[in-house]
Amino acid sequence: MSAMLEIAALDAYYGRAHILQGVTFAMNRGEVLALMGRNGAGKSTTMKAIMGLVPPAGGTVSFEGQRIDGREPFEIARLGIGYVPEDRRVFSELSVMENLSVAQRPARSDAPHWTPERLFQLFPNLGRMRDRAGGAMSGGEQQMLTIARTLMGNPRLVLLDEPSEGLAPVIVEEMAKTILALKAEGLTVLISEQNLHFAGNVADRAAIIEKGVIRFTGTMDELKGNEAVRSQYLSV
Amino acid sequence: MIDLILNQTLNGLASASSLFLVASGLSIIFGVTRIVNFAHGSLYMLGAYLAWTLVGRFGPTDALGFWGGVLLAAVLTGLIGVVIEVLILRRIYQAPELFQLLATFGVVLMLQDVALGLWGAEDKIGPRAPGFKSFVILFGNRFPTYELFLIAVGPLVLLILWLLFQKTRWGTLVRAATQDREMVGALGVNQRLLFTSVFAFGSMLAGLGGALQLPREAVTLHMDLSMISEAFVVVVVGGLGSVTGAYLAAVLIGILHAFGILIFPKITLVLVFLVMAVVLVVKPYGLMGKAPVGHQRAHGPAEPLLLPADGLTKLAGLIGLIILALAPLVAPDHILLTLTELVIFALFAASLHFMMGPGGMASFGHAAYFGLGAYGAALAVKWLGAPMEPALLLAPFLAGIAGVVFGWFCVRLSGVYLAMLTLAFAQIAWATAFQSVDLTGGDNGILGVWPSAWAVSKPAYYYLTLAVCAASIVALRLTIFSPFGYGLRAARDNPLRAEAIGLDVVRIQWVAFAVAAFCAGIAGGLFAFFKGSVFPTYMAIPRSVDALLMVLLGGVQTVSGPIIGAFAYAGLSEQLMKLTMYWRFVLGLSIVLLVVLFPRGLVGAGLALRERWRKEPEPAATLVEARP
Ligand SMILES: Nc1ncnc2c1ncn2[C@@H]1O[C@H](COP(=O)(O)OP(=O)(O)OP(=O)(O)O)[C@@H](O)[C@H]1O
Ligand SMILES: [Mg+2]
């Protein structure tokens with residue numbers, strides 16, 4: 001069977017700046033892949049390009065064998081790709097329930113079906129503040145809310161952009177559990193991450209990006225054993 | 001006395017309802033699409049005309065016929081909104097703000113001629129509403145029941161809007177998109193559909209506002225612009241994007257009008273203006289508005305790299321000037337007339353460019369200062385008996401003083417807020433000239449504004465114009481490249497940093513605004529003596545659009561742009577006016593096409609073309625590779 005997500009020679013620009021320079025990697029169903037790299041390496045841009053938020057200037061993105069590059073973000077989302085942006089972007093004037101309802105999509109046979117009640121089992125905190133405005137929540141709570149919101153679209157593949165960034169250690173632990181729970185549900189997850197320890201806890205494989213080029217792909221264990229790659233592309 | 005106050009309060013509340021319907025539609029559309037729909041007043045007008053036709057057709061005495069006609073008119077207006085959104089706006093959501101504003105302005109012009117073509121120039125008087133034809137005695141006065149009905153409509157619609165936005169999924173999506181439309185799309189919501197539905201809904205509100213006015217006032221071709229400028233005032237006072245704010249502001253403005261008519265019948269608009277002033281000083285983003293966050297978009301072409309002219313450009317300018325100076329030797333009088341007008345417009349455009357280009361402040365009401373210059377000259381002649389020379393000297397001061405006063409408010413805002421406010425001020429200036437019949441002759445204008453004996457001949461007046469305009473344009477140029485000009489550009493490019501290095505941004509922009517107004521006034525004064533008469537239309541919105549088009553056509557990027565643009569545009573539109581009675585439609589259509597086809601502006605289009613040309617070889621290469 002072919003891969004779930006295949007990215008080949010993806011190019012993207014911000015104005016004249018050539019940010020993604022032929023990004024190529026693939027993801028299998030049910031795996032958690034960590035996209036790693038330093039600040040400004042192009043992790044977020046890769047996710048935005050997959051989502052159609054940054055129009056790919058060249059190369060292809062295929063999802064379940066279907067070309068999705070050049071499509072509009074809402075079409076890509078409806079195919080079953082959920083996107084959790086790094087800056088969270090909860091709708092601050094909408095309540096938790098309303099935030100969830102914005103993303104609500106019909107159930108689909110090939111992906112787990114989420115309802116607010118099911119999500120509140122996964123994120124008990126959110127269940128206790130259903131009517132709270134998004135803007136009046138802590139950073140950790142907002143991060144949970146963005147993930148829950150994305151799940152309301154019943155995605156098969158979730159793009160998580162730096163979910164652990166700026167969170168307290170306890171919450172990071174919780175986040176890792178959440179990601180593993182999603183994996184247990186059968187979801188495929190792409191996370192961008194700078195923290196090797198966190199990635200090691202949740203991911204099966206890693207891809208390392210630097211200056212818009214993928215420099216390494218391999219299992220998490222291979223990465224841990226490869227001192228040269230780690231020091232070249234990951235250490236600060 | 002108390003009776004009178006209560007009575008006028010009721011009057012004010014009644015007139016607030018339609019204003020609220022239009023303003024809330026405008027606000028909702030802006031919230032989601034970030035487009036300020038200048039054509040919203042036109043939709044209001046169409047709603048009124050459609051209701052007039054439909055109610056007449058269905059039977060105005062029959063309750064079902066009347067109310068059915070009114071509601072159907074609102075729905076049809078909503079559908080017209082869909083057509084406008086799908087055909088035009090959808091293509092320009094990514095375009096710079098200024099171009100979006102211009103495109104909807106093009107729609108205003110087109111709809112004006114559509115209404116003229118379909119309904120003719122005569123005012124239409126609507127029937128009274130069945131069931132609301134009588135009066136009630138309130139506070140010793142007869143008060144029409146229809147007015148009471150209208151008073152109820154405002155809060156009722158406010159309640160419906162509140163329910164719609166708080167309790168339905170569509171409303172939730174609209175509120176979410178108002179905050180972050182990109183994210184809404186990434187969550188699987190079809191933005192196009194959402195935008196179209198929002199535009200349709202806002203248009204429907206405007207149409208309903210117009211239809212409900214039917215029993216109250218005559219339907220005229222002037223409804224569009226008078227409504228849009230009032231709606232802008234309401235939205236600016238209430239806070240762009242806030243429906244509740246729009247209601248409060250509409251009530252405030254409605255009541256002000258009602259009392260203003262009682263106390264100072266001639267200057268009701270001044271009252272409105274004063275209240276707006278107070279609100280903006282206390283809350284720059286309106287009663288219920290919030291400062292725009294994260295949506296500060298670039299003006300696109302309004303970020304020019306203004307370079308001092310190189311030798312070649314200077315030479316070209318000099319040659320151009322010499323040609324113009326020699327023209328009277330060969331050109332017949334009628335050509336000289338056209339040239340005189342073009343030279344005046346070049347200064348007018350250059351003055352707008354001064355605030356738009358280096359200043360970064362796009363004015364949609366620059367004609368106000370042109371017109372005030374013209375009135376300054378004419379009033380000096382009529383009331384002071386002044387000859388041409390002192391009148392011409394006086395003229396720009398009237399414009400300049402208005403620039404100082406209006407500018408004080410405008411420079412506190414930026415982007416679309418500023419554009420809306422400049423338009424509202426221009427409309428106030430226009431209405432003042434129009435209403436103050438004793439002083440200005442109202443619609444009949446001021447006649448007999450003739451040059452002094454030495455300047456009566458066509459060549460003499462031409463030389464006078466050329467000398468004054470050329471000197472003023474050179475002075476503007478020199479200012480752009482003076483320390484003041486650099487400060488102005490610093491303030492435009494990065495206000496915070498400019499403040500940090502000790503520039504008083506607001507003050508610099510204020511001065512620039514006043515200078516631009518003053519120079520427009522010089523052009524206006526010359527225009528008054530050129531035409532021999534002055535009319536309120538000199539200040540009307542179409543003339544402001546003329547100036548904008550001249551600047552945009554020539555390109556905001558260059559200092560010589562507005563001059564070239566003025567010659568190109570004024571020459572073209574004069575031909576157009578000779579060719580067809582529906583020149584507004586053609587002009588509007590050209591504006592719309594220009595924006596839709598070149599959403600990045602003409603210069604941007606040139607850049608895009610160059611990029612495409614450079615990328616050409618690549619696809620060819622992949623094609624070869626792809627073959628087995
Ligand atoms: N909106 C933008 N406009 C212009 N350049 C941008 C924009 N967003 C990102 N960039 C640039 O693109 C490059 C890649 O950015 P990206 O956000 O993809 O990096 P990242 O790997 O996600 O970094 P981080 O770990 O800091 O989130 C950076 O050099 C950044 O400066
Ligand atoms: Mg990032």
Side-chain angles (χ1 to χ4, degrees), chain A residues 9 11 13 15-16 47-48 50-55 57-60 71-106 108 131 133-135 146-155 159 161, chain B residues 31-32 90 93-94 162 164-196 239 241-244 288-290 293-295 298 300 303 600 604 607-608 610-612 614-615 617-619 621-623 625-626:
Chain A
D11 275 322
Y13 290 78
R16 289 182 173 274
M47 294 201 169
K48 286 182 187 165
I50 296 172
M51 219 43 221
L53 295 169
V54 173
T60 61
R71 298 225 192 161
E72 289 203 52
F74 84 87
E75 294 176 310
I76 295 172
R78 286 179 183 189
L79 287 174
I81 303 184
Y83 169 61
V84 181
E86 67 185 321
D87 36 4
R88 300 187 184 132
R89 295 165 79 169
V90 298
F91 302 115
S92 54
E93 278 162 34
L94 271 57
S95 69
V96 167
M97 284 305 275
E98 287 173 333
N99 264 281
L100 295 182
S101 82
V102 168
Q104 185 170 8
R105 304 289 324 155
R108 50 198 308 152
D131 295 321
T146 36
I147 296 177
R149 185 178 67 179
T150 298
L151 290 175
M152 284 297 286
N154 304 318
L159 315 178
D161 200 352
Chain B
V32 175
R90 184 173 282 188
Y93 285 129
Q94 304 303 325
W162 186 84
L164 200 62
F165 285 123
Q166 301 297 327
K167 301 291 170 198
T168 69
R169 179 172 153 82
W170 183 79
T172 310
L173 291 183
V174 169
R175 281 187 297 140
T178 300
Q179 204 186 327
D180 188 343
R181 49 186 171 157
E182 189 188 59
M183 197 59 226
V184 170
L187 289 171
V189 175
N190 186 343
Q191 266 168 301
R192 286 194 185 178
L193 219 58
L194 187 66
F195 280 31
T196 308
S242 163
V243 171
T244 318
M288 311 274 291
K290 297 187 202 91
V293 275
H295 284 290
E303 278 160 24
R600 292 163 66 192
L607 284 179
R610 220 170 56 194
E611 266 169 41
R612 198 179 308 163
R614 236 191 288 149
K615 276 190 184 169
E618 277 173 49
T622 43
L623 210 74
E625 260 172 71

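All values reported here derive from a predicted model rather than from experimental measurement. A note on names: the letters A, B, ... follow the listed sequences, proteins ahead of strands, and every chain is numbered from 1.
Of the two parts of R105(A), only the side chain, counted from C-beta on, holds a non-hydrogen atom closer than 4.5 Å to a non-hydrogen atom of chain B. Proximity to chain B is absent for every atom of E75(A), based on heavy atoms less than 4.5 angstrom apart. Heavy atoms of V90(A) lying under 4.5 Å from chain B belong exclusively to its backbone. With a 4.5 angstrom heavy-atom cutoff, S95(A) does not touch chain B via any of its atoms. Within the 4.5 angstrom heavy-atom criterion, only side-chain atoms of R169(B), from C-beta onward, approach chain A.
Of the possible polar contacts, none joining the R89(A) side chain to the T146(A) backbone as a donor-acceptor pair under 3.5 Å is found. Here the side chain of D11(A) pairs no donor or acceptor atom with the backbone of A57(A) at under 3.5 angstrom.
Note on ring orientation: taking the six-membered ring where Trp is involved, the planes of W170(B) and F165(B) are parallel (angle under 30°, cut-offs 30° and 60°).
For the atom pair CD1 of I147(A) and CE of M152(A), the computed distance is 15.0 Å after rounding to the nearest 0.5 Å. For the atom pair CG of L100(A) and OG1 of T172(B), the computed distance is 11.5 Å after rounding to the nearest 0.5 Å.
A cation-pi arrangement, defined by a distance under 6.0 Å to the six-membered ring centre and an angle within 45 degrees of its axis, is absent between R181(B) and F195(B).
In terms of heavy-atom pairs under 4.5 angstrom with chain B, the leader among G52(A), S92(A), G153(A), G58(A) is S92(A). By number of non-hydrogen pairs under 4.5 angstrom with chain B, the leading residue of N99(A), L53(A), T150(A), I81(A) is L53(A). Of all the listed residues (Q191(B), Q166(B), M183(B)), the one sharing the greatest number of non-hydrogen pairs under 4.5 Å with chain A is M183(B).
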